[in-house]
Amino acid sequence: MSGIEQWLLVAPIWLIGIVIYLGMLVAAMLGWQLRKRYVGEDSERSHNEEGYIVSSVMGLLALLVGFTFALAIDRYDTRRAVVLAEANAIGTTYLRTQMLEEPHRTRISELLTDYTANRIDLARQHVGKEQEERLAASDSMIVELWQATVAAFPTIETRPFSSAYLSTMNEMIDMDAARQQSRRSHVPVEVFLVLILYQIIAAGVLGYVLGGRRGRTTAALLLLLFGGSLILVIDIDRPNAGGIVERQVAMELLLKMMRENPAGSFDRTAPAITPALASPPAPAPQ
């Protein structure tokens, strides 16, 4: 991971916004100074020519921002879908674990509960040492879960649901890799660099083309809007440090269910149904 990519992932979003807006401000001021020097502050320029330049620059900038937004929102939707898929996989595995014999049922149930809690904490950690520790703990729990499954398999080998249980356990383990990959998948840093560079250049062009008080106000509004759009895209693309992150509601509800229904709580037998009292036999004929 390059230094710029690392900075875009971990730096506060307000700091990224300051850098982007400061770069555009410097470029716009430079453009205004060049206009004042070579064209004149109040020089009459063809309005059609100015309109063509502004439309071309802003049109291409809008296309780039829209393209990048589509990339970022697609990755965000993928991360949200993976959260639900992992919650379903863990929940199915937990329920099927209740059909195991002791002590395997209690051991695997507790491991699944701890694993789910760790996954929720891992999703909320920013990039850094603590996240790496949570990730290492998650990998260790996966090894323990598979070891416990191997130990329990001889007791269910002849039972009809043995293959289904192994399938759900494998699916849950596979979801770990899928979720890690979804969080490592970002908009390429080269795309952000080109977009930021183009936005700064566009600020300079607007500063040169749009002169006068009205032109400066128009340029400032355009740059404010496009700068905010770029900051929004960067924020969406950050799964850990951004303000817009996938919610962990599915995992939280699953963890609540697991803690409220520990191993053995599904052994409750249905209450016996009391048969209706039969009517007394009719008296024998005299």
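Note that this is a predicted model, so its numbers are computed, not measured.
If you chain together hydrophobic residues whose side chains sit under 4.5 Å apart, Val249 and Tyr76 never meet in one group. Transitive grouping of hydrophobic side chains (ILVMFWY, heavy atoms separated by less than 4.5 Å) keeps Val194 and Ile231 in distinct clusters. No chain of hydrophobic side-chain contacts below 4.5 Å, direct or via other Ile, Leu, Val, Met, Phe, Trp or Tyr residues, connects Leu253 to Leu255. Under the 4.5 Å side-chain contact rule for hydrophobic residues, Ile196 and Ile18 share a cluster. In the hydrophobic cluster analysis, where Ile, Leu, Val, Met, Phe, Trp and Tyr join through side-chain heavy atoms closer than 4.5 angstrom, Met169 is grouped together with Leu95.
Between the side chains of Thr106 and Glu102, at least one donor-acceptor pair of N or O atoms lies under 3.5 Å. For the residue pair Ser182/Arg75, the side-chain donor-acceptor check at 3.5 Å is not satisfied. Between the side chains of Thr97 and Tyr165, at least one donor-acceptor pair of N or O atoms lies under 3.5 Å.
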Check the pair Asp176 / Gln180 against side chain to side chain donor-acceptor pair (under 3.5 Å), numbers first and verdict last. CA-CA 6 Å; Asp176 169 67; Gln180 288 190 39; 3.1 Å; yes
Do Arg119 and Ser138 pass the side chain to side chain donor-acceptor pair (under 3.5 Å) test, and can you show the C-alpha distance, the side-chain angles, and the key distance before you say yes or no? CA-CA 7 Å; Arg119 297 295 288 177; Ser138 178; 3.1 Å; yes
Using the side-chain contact (heavy atoms from CB on, under 4.5 Å) rule, take Thr78 and Ser185 through it: C-alpha gap first, then chi angles, then the decisive distance, then the call. CA-CA 10 Å; Thr78 299; Ser185 180; over 6 Å; no
Tell me, with the steps shown, if Arg238 and His186 meet side-chain contact (heavy atoms from CB on, under 4.5 Å). CA-CA 8 Å; Arg238 306 185 332 158; His186 305 285; over 6 Å; no
Please test Ile73 against Val233 for side-chain contact (heavy atoms from CB on, under 4.5 Å), starting from the C-alpha separation and ending with a verdict. CA-CA 8 Å; Ile73 204 67; Val233 172; over 6 Å; no
Stepwise, does the side-chain contact (heavy atoms from CB on, under 4.5 Å) test hold for Met172 with Thr92? CA-CA 9 Å; Met172 188 201 73; Thr92 302; over 6 Å; no
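We find the CD-CG distance between Gln248 and Asp121 to be 10.0 Å, quoted to the nearest 0.5 Å. Interatomic distance, Met58 CE to Leu225 CG, rounded to the nearest 0.5 Å: 10.0 Å. Remark: Gln125 CD to Arg134 CZ distance equals 6.0 Å, nearest 0.5 Å. Thr149 contributes atom OG1, which lies 9.0 Å from atom CG of Leu111 (distance to the nearest 0.5 angstrom). Separating the CD atom in Glu144 from the CG atom in Asp139 is a distance of 11.5 Å, to the nearest 0.5 Å. How far CD of Glu190 is from CG of Leu197: 13.5 Å, rounded to the nearest 0.5 Å.
Results of the salt bridge (charged side-chain N to carboxylate O under 4.0 Å, His left out) test with Glu86 over Arg179, Arg79, Arg80 single out Arg179 as the only residue that passes.
For the pair Ile244 and Leu232, the minimum side-chain heavy-atom distance is below 4.5 Å. Under the 4.5 Å side-chain criterion, counting only non-hydrogen atoms from C-beta, Leu112 is in contact with Ile108. With contacts defined as side-chain heavy-atom distances shorter than 4.5 Å, the pair Leu61/Leu195 qualifies. When side chains are defined from C-beta on, Asp237 counts as touching Phe192, because their heavy atoms get closer than 4.5 Å. With a 4.5 Å cut-off on side-chain heavy atoms, Asn118 and Tyr115 do not count as touching. When side chains are defined from C-beta on, Trp7 counts as touching Leu15, because their heavy atoms get closer than 4.5 Å.
Leu223 and Met24 make their closest contact through O-CE, 3.6 Å (heavy atoms, listed as atom of the first residue, atom of the second, distance). Of all heavy-atom pairs spanning Ala178 and Val82, the tightest one is C-CG1, 4.3 Å. Heavy-atom minimum distance, Leu254 versus Gly91: CD1-CA, 3.6 Å. Looking at every heavy atom in both residues, Ser265 comes nearest to Pro262 through OG-O, 2.7 Å. The two atoms that bring Ile200 and Gly23 nearest to each other are CG2-O, 3.8 Å, heavy atoms only. Across all their heavy atoms, Val83 and Met251 have their closest contact at CG1-CG, 4.0 Å.
In this structure, the side chain of Tyr198 engages the main chain of Val57 through a donor-acceptor pair within 3.5 Å. The backbone N or O of Phe226 sits less than 3.5 Å from a side-chain atom of Gln199, completing a donor-acceptor pair. Listed for the Tyr94 side chain is a donor-acceptor partner under 3.5 Å among the backbone atoms of Met258. Checking side-chain atoms of Asn170 against main-chain N and O of Leu166 turns up a donor-acceptor pair under 3.5 Å. With hydrogens and angles disregarded, a donor-acceptor distance shorter than 3.5 Å links the side chain of Arg183 to the backbone of Ala123. Panel note: side chain Ser140, backbone Ala136; no donor-acceptor pair is recorded below 3.5 Å. Formation of a donor-acceptor pair under 3.5 Å by the Tyr21 side chain with backbone atoms of Ile16 is not found in this model.
Under a 4.0 Å N-O distance rule, the pair Arg105/Glu110 does not qualify as a salt bridge.
More than 12 heavy atoms of other shown residues, nucleotides or ligands fall within 6.0 angstrom of atom CE in Met257. In Phe67, the CZ atom is not crowded: 12 or fewer heavy atoms of neighbouring residues, nucleotides or ligands sit closer than 6.0 Å.
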